[in-house]
Every structure is written in C-alpha cells, then in structure tokens.
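First comes the structure, then the notes that go with it.
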Amino acid sequence: MTPAPTGGTDPASPTGPRPPAPPAPPGQTSSPDPSLPPPVVSMDIAHAVEGGGKAVNLTIDDGPDPVWTPRILTILRENKARATFCMVGPQAAAHPELVRRVVAEGHRLCDHSVAHDTGMDHRSRAYQKDQILTAARQIERASGGVKPLYYRAPGGAFTPYSRQIAASAGMRPLGWNVDSKDFELPGAGTIVRTVKSELGNGPTILFHDGGGDRSQTAEALERLLPWLRGQGYGFGFPER
C-alpha cells in the first residue's frame with residue numbers, strides 16, 4: 001500500500017540548518033523527518049508476519065462493538081486464532097470491558113484514530129497528530145494500561161508525517177494485503193471467496209467488527225479459520 005501524499009496546512013519550516021537525521025530503526029527504508037520526534041519502531045507500513053513462517057495476520061477494524069466483538073472473540077478462541085484489533089478511540093473508551101477482554105485473550109491492540117476520517121491525509125498536521133495520539137491514549141486507558149502496538153490510518157490514509165508520529169509513539173504503521181470487503185455486506189460466501197482468491201497477495205487480512213451489522217463477517221470467519229488451518233497456516237501478528 002503506497003502512502004498518500006501529505007496534505008493539509010503545515011507550519012512553516014524552521015530557519016537555520018536542519019538537525020541531523022535520527023538513526024533509523026533496523027531495516028527501515030523510510031527517511032524520518034529530523035525536525036519531528038524520531039521513530040522508535042519502523043515507520044514503514046507493516047504487511048509481513050512477525051517472525052516469518054506460513055501464517056496470516058487477522059486484523060479486525062472499527063470496534064470494539066458490544067454485539068460483534070464478543071462473537072468474533074468467541075470464534076477466534078474456538079479456532080485458537082490470534083488477531084490484531086484496530087480500535088476507534090471513542091469506541092474503546094465506551095467499551096473498556098471489551099478492550100480488556102481482547103488483551104486478556106491474547107490479541108493485540110491497534111490505534112485506528114478518533115474519528116475514522118478517511119480523508120485525514122488531506123488535513124493539517126495538528127489534526128493528524130491529535131487523531132493518532134488521542135486515540136492511543138483512549139485505547140491505553142480502556143485497556144488498563146496496555147498500549148496499542150500499531151497504527152492503521154482509516155482507509156489507508158497515511159502520510160509520511162502520520163507514520164512518523166505513530167512510530168515515534170511506538171506504533172508501527174499497519175497496512176493490509178487482503179481486503180475481505182466485508183464492510184460492503186456482500187454475503188459470507190463472497191467474503192470467503194474474496195479472501196481465498198487474494199491470499200496470494202500477502203498475509204495481512206482486513207476484516208471489521210464495528211461500523212454496522214457484522215454477522216456476515218462472523219459467519220465468514222467461522223468458515224475461513226478452519227480452512228486456513230487445513231491449508232497449513234498459523235495465526236500470527238504483524239511485524240513490529
């Protein structure tokens with residue numbers, strides 16, 4: 001996924017010589033802006049599985065939701081599968097018991113902004129920073145102190161600035177390889193076929209537990225997780 005260009009109104013560049021670039025995390029290919037806080041994890045968008053191997057990264061966006069998150073958690077537990085939950089800050093704040101259950105059951109947390117603004121790559125730097133860091137605080141507070149390890153821009157609306165701000169707060173930018181299109185409510189069978197047909201694109205699969213009726217997502221996961229096991233896949237987490 002190619003990062004979108006930085007948009008919005010940026011403050012004037014400081015005068016005088018620029019400070020030296022901070023050392024990049026190992027393996028990082030992006031060039032950090034030396035005028036911004038240095039990344040403590042890679043600011044490259046993650047797609048691969050941590051540790052390698054034949055595994056998929058299940059990523060589940062837009063929750064937590066009081067109806068669908070518990071159902072999806074049960075399906076994951078029954079299939080001994082792990083996932084990364086990309087949470088909208090106010091949803092996390094409204095349902096801390098679900099955030100804590102996600103953590104207690106061995107899954108990871110991801111920051112998915114405050115407002116789920118898919119056009120935030122065209123907004124000011126101040127807006128982007130507030131969306132990322134406010135949501136991170138909301139998720140951490142709801143979890144009882146567990147920080148999100150990733151940041152996924154709504155709709156993939158990353159900018160170099162937002163990626164560095166997230167990485168400077170310890171959150172690896174997180175992309176996807178397979179879009180299940182479950183948000184379009186195409187039917188569970190179509191979701192299953194989409195994932196199977198696109199799995200060759202890479203290991204990180206996008207699903208949703210928030211934003212509406214996710215009964216089709218739940219049914220699709222009930223079919224897909226045993227199939228993935230049967231194909232020799234494990235369930236991992238995205239690289240950090």
Side-chain angles (χ1 to χ4, degrees), residues 1-50 57 59 61-62 84-93 108-143 145-177 202 204 206 237-240:
M1 182 168 54
T2 303
T6 303
T9 303
D10 293 342
S13 298
T15 58
R18 294 173 69 87
Q28 178 175 281
T29 61
S30 300
S31 299
D33 183 338
S35 69
L36 300 176
V40 298
V41 295
S42 176
M43 59 183 278
D44 296 343
I45 297 174
H47 296 91
V49 176
E50 186 176 71
N57 300 319
T59 64
D61 287 17
D62 296 358
T84 299
F85 284 79
C86 299
M87 297 184 174
V88 176
Q91 286 294 110
R108 287 187 181 177
L109 301 175
C110 171
D111 176 343
H112 201 35
S113 84
V114 173
H116 199 275
D117 180 356
T118 58
M120 66 183 287
D121 53 325
H122 299 292
R123 303 290 294 271
S124 71
R125 286 187 168 192
Y127 176 85
Q128 294 177 55
K129 182 177 182 179
D130 181 67
Q131 285 285 307
I132 295 166
L133 298 185
T134 298
R137 288 191 295 269
Q138 291 173 319
I139 294 166
E140 182 179 355
R141 189 178 305 118
S143 73
V146 179
K147 297 177 181 290
L149 297 181
Y150 308 94
Y151 166 66
R152 173 173 277 166
F158 288 105
T159 66
Y161 174 81
S162 70
R163 291 190 290 114
Q164 186 165 343
I165 289 300
S168 72
M171 297 181 291
R172 176 80 183 259
L174 177 59
W176 62 84
N177 306 107
T204 302
L206 171 61
F237 293 119
E239 61 188 341
R240 288 264 297 152

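The model shown is predicted, which means the values in this text are computed figures rather than measured ones. Along the sequence shown, residues carry numbers from 1.
Interatomic distance, Glu239 CD to Leu174 CG, rounded to the nearest 0.5 Å: 9.5 Å. To the nearest 0.5 Å, the span separating CD on Gln128 from CZ on Arg163 amounts to 11.5 Å. Ser113 contributes atom OG, which lies 12.0 Å from atom CZ of Arg152 (distance to the nearest 0.5 angstrom).
Side-chain contact annotation: Asn57 with Thr59, donor-acceptor N/O pair under 3.5 Å absent.
The minimum heavy-atom distance between Ala153 and Phe158, with the atom names listed, is N-CZ, 3.5 Å. The nearest pair of heavy atoms linking Pro37 to Ser168 is O-CB, 3.6 Å. In terms of heavy atoms, Ser42 sits closest to Ala167 at O-CB, 3.9 Å. Closest approach of Ser143 to Leu109, counting heavy atoms only: CB-CD1, 3.9 Å. What you find for Tyr151 and Pro154 is that their closest heavy atoms are OH-CD, 3.9 Å. The two residues Pro39 and Pro25 make their nearest non-hydrogen contact at O-CG, 3.8 Å.
In this structure Asp62 satisfies the salt bridge (Lys or Arg N to Asp or Glu O under 4.0 Å) test with no other residue, sequence neighbours excluded. When the side chain to side chain contact (heavy atoms under 4.5 Å, CB included) test is applied to Arg108, the partners found at least two apart in sequence or on another chain are Glu50, Thr84, Leu149, Tyr150, Phe237, Arg240. Residues meeting the side chain to side chain contact (heavy atoms under 4.5 Å, CB included) test with Val40, sequence neighbours left out: none. Under the rule for a side chain to side chain contact (heavy atoms under 4.5 Å, CB included), the partners of Lys129 that lie at least two apart in sequence or sit in another chain are Leu133, Tyr161, Ile165. Residues forming a side chain to side chain contact (heavy atoms under 4.5 Å, CB included) with Ala92 (at least two apart in sequence, or on another chain): Pro64, Met87, Val99, Ile139, Ala142. Residues passing the side-chain hydrogen bond (donor to acceptor under 3.5 Å, both in side chains) test with Ser162, sequence neighbours excluded: Thr159. Residues meeting the side-chain hydrogen bond (donor to acceptor under 3.5 Å, both in side chains) test with Thr134, sequence neighbours left out: Asp130, Arg137. Not counting sequence neighbours, the partners of Asp117 by the side-chain hydrogen bond (donor to acceptor under 3.5 Å, both in side chains) test are Arg123, Tyr127.
Listed for the Gln164 side chain is no donor-acceptor partner under 3.5 Å among the backbone atoms of Met43.
Residue pairs meeting the salt bridge (charged side-chain N to carboxylate O under 4.0 Å, His left out) criterion with at least one partner in residues 38-48, sequence neighbours excluded, are absent.
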